[in-house]
**Q** 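I'd like to ask you about the structure that follows.
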Amino acid sequence: MGHWVETNGFYGEVVEISLKNFVVKEADNNMVMIPNKSILESPLKNYSLTTRMRVMLRCGVGYESDLERVRTLSKETISQTFNHIESPR
């Protein structure tokens, strides 16, 4: 309960486990009921078992943008937003 998992194409927080199924609450608040049989037959990725996670962010800028300014602003924003940044590249 409370672990963030990914399985059977769904990703979210485990909010209920019963004899019939797992209930996963996705980031957009959708509740997904996954039969236990599916959980047992498919890989389950548990993000809560480690203390670190990699986050991939995609963004775009205009051709006319000052790339050094974009790079500096991106690094500053990320370091102010996330607590555990080791070394922004």
Side-chain angles (χ1 to χ4, degrees):
M1 298 290 290
H3 283 223
W4 283 85
V5 299
E6 180 179 355
T7 185
N8 293 289
F10 299 102
Y11 170 81
E13 177 185 7
V14 177
V15 294
E16 184 181 329
I17 301 172
S18 70
L19 293 175
K20 293 187 335 183
N21 55 38
F22 272 48
V23 179
V24 174
K25 181 179 177 183
E26 295 183 306
D28 58 3
N29 283 328
N30 285 327
M31 304 296 262
V32 181
M33 295 171 30
I34 306 170
N36 288 342
K37 180 181 179 189
S38 297
I39 299 286
L40 293 172
E41 294 176 348
S42 301
L44 181 124
K45 188 183 290 186
N46 189 334
Y47 294 100
S48 298
L49 296 179
T50 60
T51 59
R52 294 182 178 184
M53 179 183 284
R54 177 177 292 199
V55 177
M56 303 294 282
L57 303 172
R58 294 183 142 232
C59 66
V61 296
Y63 288 109
E64 70 283 352
S65 298
D66 176 357
L67 296 182
E68 273 307 310
R69 176 74 180 128
V70 169
R71 182 180 189 163
T72 301
L73 183 59
S74 298
K75 284 182 174 182
E76 288 173 4
T77 302
I78 289 170
S79 66
Q80 291 171 5
T81 305
F82 298 99
N83 294 332
H84 302 291
I85 302 295
E86 288 183 6
S87 60
R89 296 178 200 176

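This structure is a prediction, so every number in the text was calculated from the model and none was measured. We number each residue from 1, following the sequence as shown.
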**Q** With S48, which residues qualify under side chain to side chain contact (heavy atoms under 4.5 Å, CB included), at least two apart?
**A** H3, W4, N46
**Q** Can you tell me if T77 uses its side chain to pair, donor with acceptor, with the backbone of L73 under 3.5 Å?
**A** yes
**Q** Among all residues two or more places apart in sequence or in another chain, which pass the ring-ring contact (aromatic ring centres under 6.0 Å, His included) test with F10?
**A**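 By the ring-ring contact (aromatic ring centres under 6.0 Å, His included) rule, F10 matches no residue at all.
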**Q** My understanding is that only residues two or more places apart in sequence, or in another chain, count here; which of them pass side-chain hydrogen bond (donor to acceptor under 3.5 Å, both in side chains) with T72?
**A**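 T72 satisfies side-chain hydrogen bond (donor to acceptor under 3.5 Å, both in side chains) with no other residue.
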**Q** Using the side chain to side chain contact (heavy atoms under 4.5 Å, CB included) criterion, which residues pair with D28? Sequence neighbours excluded.
**A**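 In terms of side chain to side chain contact (heavy atoms under 4.5 Å, CB included), with neighbours along the sequence ignored, D28 is linked to E26, N30.
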**Q** Go through the structure and list residues passing side chain to side chain contact (heavy atoms under 4.5 Å, CB included) with I17, not counting sequence neighbours.
**A**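 Per chain and number, I17 pairs via side chain to side chain contact (heavy atoms under 4.5 Å, CB included) with M1, V14, F22.
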**Q** May I ask you to decide if T7's main-chain N or O and S42's side chain share a donor-acceptor pair within less than 3.5 Å?
**A**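 No, S42 side chain to T7 backbone: no donor-acceptor pair under 3.5 Å.
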**Q** Can you list everything that forms a side-chain hydrogen bond (donor to acceptor under 3.5 Å, both in side chains) with E13? Sequence neighbours excluded, please.
**A** none
**Q** Indicate yes or no: at least one non-hydrogen side-chain atom of I39 is less than 4.5 angstrom from one of N8.
**A**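 A side-chain contact under 4.5 Å exists here.
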**Q** Using the test side chain to side chain contact (heavy atoms under 4.5 Å, CB included), find all partners of S18 that sit at least two apart in sequence or belong to another chain.
**A** E16, K20, N21
**Q** Any chance you could pull the hydrophobic cluster mates of V61, using side-chain heavy atoms under 4.5 angstrom and chaining through other members?
**A** L67, V70
**Q** Does any pair with a residue in residues 24-68 pass ring-ring contact (aromatic ring centres under 6.0 Å, His included), and if so which ones, sequence neighbours excluded?
**A** Y11-Y47
**Q** Can you establish whether the number of heavy atoms outside M31 located under 6.0 Å from its atom CE is more than 12?
**A**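 For M31, atom CE is crowded (more than 12 foreign heavy atoms under 6.0 Å).
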